Undergrad: 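This is the structure, below, for whatever I ask next.
When a residue number appears, it is its place in the shown sequence, counting from 1. Computation of the quantities below employed the complete heavy-atom set of this structure, encompassing side-chain atoms and omitting hydrogens, waters and symmetry-equivalent molecules. Just so you know, these numbers come straight off a predicted model, no measurement behind them.
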Amino acid sequence: MSEKSVFITGAATGIGEAIALKLDQMGWRVFGTYNRTPPDELIKNASPRLTMMKCNVADPEAIKQAAEKVKNALGDAGLSLLISNAAMTGAPGPVETLNLDEFHFLMEVNFWGPLRICQAFLPQLRKYGNARILIVSSTSVYLTIPLGSTYPTSKSALSALTRHLRMEMEPFDIQVAALEPGGVKTKMTGFSKEEEVACWAAIPPHLLPIYQKYFSFPGDQIQENFELWPPARFAEKVYKKIVLAKKWKPIYIIGPSVSALPIMHRVMSRKRIEKIFKKLFGVKF
Ligand SMILES: NC(=O)c1ccc[n+]([C@@H]2O[C@H](COP(=O)([O-])OP(=O)(O)OC[C@H]3O[C@@H](n4cnc5c(N)ncnc54)[C@H](OP(=O)(O)O)[C@@H]3O)[C@@H](O)[C@H]2O)c1
């Protein structure tokens, strides 16, 4: 069996950094990418095996170059694990007034980027033999977050794509799974005051009183209602439940108080679920 190797995007911060460090500590050869945040902390804490490269996942050329670099480093051995982790959250606001250029960019990062990454790395994964692809989606796919539609929509598309990829990869002995985290304390959890101001400012004055009467800014509710884990604890679970598993499940839901979300969708009516989300996210009707 060849050396275990992983390519992971968004490895300079949060969940990606914690998983990269865990795999490095377990002897894996880690190729990580970073975007705006320099990966100094990870480089300091990891072994000299670690290779970090700058790669904006919204840039198809940068993805091709990253794949080329990994191919040159691994040669015929191939890559054993691909983790598509990098993502961003969208600016909150009602569907009616969403800035479509911003939403488009969000889809580039959260959906088209992971798709391009899978396409670019598949030849190397196939070379390895029984390689694996872990797509980091989100438990937000089970939620309805009023004024917070863009991120769950992008992740829902990604989860759907992952299901299809999983089936298509079976003949190649490549296992694919979606990792749906929830409640991990990173840069991504919560919104800033500036985002709240921008959210209301983007709504035309004649509609603002109605939106403000019935809806709350989603950030407040997210902070208040959810327990958060440190990324290292999350990475430990990912390693034990997913990386070490021989046969991968289609979906791994990991995080505090999130495992009930898909069950809720199976056993409750749509109406009942909407009622719960209205209460959870401070909707006033
Ligand atoms: N934390 C949670 O509770 C939670 C819940 C559900 C899903 N997730 C998912 O978990 C994954 C990791 O998120 P996180 O919580 O660890 O947040 P995070 O620390 O903000 O990690 C996101 C990473 O993606 C990178 N990134 C953003 N835009 C990029 C781009 N255009 N090109 C390349 N990299 C880019 C960021 O780099 P820069 O900051 O340098 O741009 C950052 O390193 C994401 O897929 C997220 O959707 C997290």
Undergrad: For Ala131, does its backbone N or O pair with a side-chain atom of Ser80 as donor and acceptor, under 3.5 Å?
TA: no
Undergrad: Is any side-chain heavy atom of Met264 less than 4.5 Å from a side-chain heavy atom of Ile273?
TA: yes
Undergrad: Among side-chain atoms of Thr144 and Glu274, is any donor-acceptor pair under 3.5 angstrom?
TA: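 Not at all, the side chains of Thr144 and Glu274 share no donor-acceptor pair under 3.5 Å.
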Undergrad: Would you indicate whether the side-chain heavy atoms of Leu122 and Ile174 approach each other to under 4.5 Å?
TA: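 Yes, close enough: below the 4.5 Å cut-off.
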Undergrad: Kindly give the heavy-atom pair with the smallest separation between Ile8 and Ala20, and that separation in Å.
TA: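 The answer is CG2-CB, 4.2 Å.
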Undergrad: Let me see the working for Leu165 and Met169 under side-chain contact (heavy atoms from CB on, under 4.5 Å), right down to the final yes or no.
TA: CA-CA 6 Å; Leu165 183 66; Met169 286 302 110; 3.9 Å; yes
Undergrad: Between Gln175 (side chain) and Lys246 (backbone), is there a donor-acceptor pair under 3.5 Å?
TA: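 Yes, the answer is positive, given that a donor and an acceptor are paired below the 3.5 Å cut-off.
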Undergrad: Ile145 and Leu158: same hydrophobic cluster, using ILVMFWY side-chain contacts below 4.5 Å?
TA: no
Undergrad: Under a 4.5 Å cut-off applied to non-hydrogen side-chain atoms, are Ile117 and Leu82 in contact?
TA: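 With C-beta onward as the side chain, the pair touches.
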Undergrad: Nearest 0.5 Å please: distance from the OG atom of Ser5 over to the CG atom of Leu23.
TA: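 Spacing of OG (Ser5) from CG (Leu23) equals 10.5 Å.
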Undergrad: For the backbone of Arg272 and the side chain of Ser269, can you confirm whether one donor and one acceptor N or O come within less than 3.5 Å of each other?
TA: yes
Undergrad: Do the side chain of Thr189 and the main chain of Thr186 share a donor and acceptor less than 3.5 angstrom apart?
TA: yes
Undergrad: Between Lys193 and Glu196, does any side-chain N to carboxylate O distance fall below 4.0 Å?
TA: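 Here Lys193 pairs with Glu196 in a salt bridge, since their nearest N and O are under 4.0 Å apart.
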Undergrad: Quick check on Lys278: does its NZ atom have over 12 non-hydrogen neighbours (other residues, nucleotides or ligands) under 6.0 Å away?
TA: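 Yes, the 6.0 Å shell around NZ holds more than 12 heavy atoms from other groups.
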Undergrad: Indicate yes or no: at least one non-hydrogen side-chain atom of Met53 is less than 4.5 angstrom from one of Val70.
TA: yes
Undergrad: Do you know the tightest heavy-atom contact between Tyr128 and Gly78?
TA: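 In this case the closest contact between Tyr128 and Gly78 is CD1-O, 3.8 Å.
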Undergrad: Side-chain contact test, heavy atoms from C-beta onward, threshold under 4.5 Å: evaluate it for Glu227 versus Trp229 and give yes or no.
TA: yes
Undergrad: To the nearest 0.5 angstrom, please state how far the CG atom of Asp76 sits from the NZ atom of Lys71.
TA: 10.0 Å
Undergrad: Step by step, would you call Phe285 with Lys213 a side-chain contact (heavy atoms from CB on, under 4.5 Å)?
TA: CA-CA 10 Å; Phe285 58 86; Lys213 180 174 172 194; over 6 Å; no
Undergrad: Considering all heavy atoms of both residues, which atom of Phe191 and which atom of Glu195 are nearest to each other, and what is their separation?
TA: CA-OE1, 3.3 Å
Undergrad: Do Ile253 and Thr139 have side chains that get closer than 4.5 Å, going by heavy atoms?
TA: yes
Undergrad: Is any side-chain heavy atom of Glu180 closer than 4.5 Å to a side-chain heavy atom of Ser138?
TA: no
Undergrad: So, for Gly27 and Arg49, which heavy atoms are closest and what is the spacing to 0.1 Å?
TA: CA-NH2, 3.5 Å
Undergrad: Return the OG1 to CG distance between Thr150 and Leu106, rounded to the nearest 0.5 Å.
TA: 5.0 Å
Undergrad: What heavy-atom pair brings Phe215 and Trp200 nearest, and what distance separates the two atoms?
TA: O-CH2, 3.7 Å
Undergrad: Are Ile133 and Ser84 packed together at the side-chain level, in the sense that at least one heavy-atom pair is separated by less than 4.5 angstrom?
TA: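 In short, these two side chains do not touch, never coming nearer than 4.5 Å.
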Undergrad: Yes or no on side-chain contact (heavy atoms from CB on, under 4.5 Å) for Ile254 and Phe234, after CA distance, side-chain angles and deciding distance?
TA: CA-CA 7 Å; Ile254 300 180; Phe234 180 82; 3.6 Å; yes
Undergrad: Treat each ILVMFWY residue as a node, draw an edge where side-chain heavy atoms are under 4.5 Å apart, and state whether Met107 and Ile135 are in one component.
TA: yes
Undergrad: Mind listing the side-chain donor-acceptor pairs of residues 91-99 below 3.5 Å, one per line with the distance, residues two or more places apart or on another chain?
TA:
{"from": "Glu96", "atom 1": "OE1", "to": "Tyr211", "atom 2": "OH", "distance (Å)": "2.7"}
{"from": "Asn99", "atom 1": "OD1", "to": "Asp101", "atom 2": "N", "distance (Å)": "2.9"}
{"from": "Asn99", "atom 1": "OD1", "to": "Glu102", "atom 2": "N", "distance (Å)": "3.0"}

Undergrad: I'd like a table of donor-acceptor pairs (distance under 3.5 Å, sequence neighbours excluded) in which one partner is a side-chain atom from residues 29-44, with atom names and distances.
TA:
{"from": "Thr33", "atom 1": "OG1", "to": "Gly10", "atom 2": "N", "distance (Å)": "3.1"}
{"from": "Thr37", "atom 1": "OG1", "to": "Lys187", "atom 2": "NZ", "distance (Å)": "3.3"}

Undergrad: Check whether any side-chain N or O of Arg166 sits under 3.5 Å from a backbone N or O of Val176 as a donor-acceptor pair, and report yes or no.
TA: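 Side chain of Arg166 to backbone of Val176, a donor-acceptor pair under 3.5 Å: yes, one is there.
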Undergrad: Any luck finding a side-chain donor-acceptor pair between Thr9 and Asn85 under 3.5 Å?
TA: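 Short answer, no.
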Undergrad: Does Asn110 reach the main-chain N or O of Ser154 with its side chain, forming a donor-acceptor pair under 3.5 Å?
TA: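 Side chain of Asn110 to backbone of Ser154: no pair is present.
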Undergrad: Find the distance between NZ (Lys271) and CD1 (Ile276) and round it off to the nearest 0.5 Å.
TA: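 The distance works out to 14.0 Å.
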Undergrad: Measuring from Arg163:CZ to Glu168:CD, what's the distance to the nearest 0.5 Å?
TA: 12.5 Å
Undergrad: Group every Ile, Leu, Val, Met, Phe, Trp and Tyr by side-chain heavy-atom contacts under 4.5 Å, then state whether Trp28 and Leu179 land in the same group.
TA: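 Both belong to a single hydrophobic cluster.
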Undergrad: Might you confirm whether atom CH2 of Trp112 has over 12 heavy atoms from other residues, nucleotides or ligands at distances under 6.0 Å?
TA: no
Undergrad: Should the pair Lys284 and Tyr214 be classed as cation-pi, given the thresholds of under 6.0 Å to the six-membered ring centre and 45° from the axis?
TA: no
Undergrad: Just one of Leu134, Leu81, Ile19, Ile83 clears the side chain to side chain contact (heavy atoms under 4.5 Å, CB included) bar with Ile242, so which one?
TA: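 Going through Leu134, Leu81, Ile19, Ile83 one by one, the side chain to side chain contact (heavy atoms under 4.5 Å, CB included) with Ile242 is satisfied by Leu134 alone.
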Undergrad: Taking Phe111 as the starting point, is it possible to reach Val136 by hopping between hydrophobic residues whose side chains are less than 4.5 Å apart?
TA: no
Undergrad: Between Pro152 and Gly148, which heavy-atom pair has the shortest distance, and what is it?
TA: CD-O, 3.1 Å
Undergrad: Give me the ring orientation class for Phe277 and His265: parallel if the planes are under 30° apart, tilted from 30 to 60°, perpendicular past 60°.
TA: tilted
Undergrad: Determine, step by step, whether Glu108 and Arg116 satisfy the salt bridge (Lys or Arg N to Asp or Glu O under 4.0 Å) criterion, reporting the C-alpha distance in whole Å, the side-chain angles of both residues, the deciding distance to 0.1 Å, and the verdict.
TA: CA-CA 10 Å; Glu108 279 295 338; Arg116 287 194 182 100; 2.9 Å; yes
Undergrad: Going from CG on Leu79 to CZ on Phe121, what distance comes out if it is rounded to the nearest 0.5 angstrom?
TA: 7.0 Å
Undergrad: If you draw a 6.0 Å radius around NZ in Lys54, do more than 12 non-hydrogen atoms from other residues or ligands fall strictly inside?
TA: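 Atom NZ in Lys54 is crowded, with more than 12 foreign heavy atoms closer than 6.0 Å.
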Undergrad: Is there a path of hydrophobic side-chain contacts, each under 4.5 Å between heavy atoms of I, L, V, M, F, W or Y residues, that connects Val141 with Phe281?
TA: yes
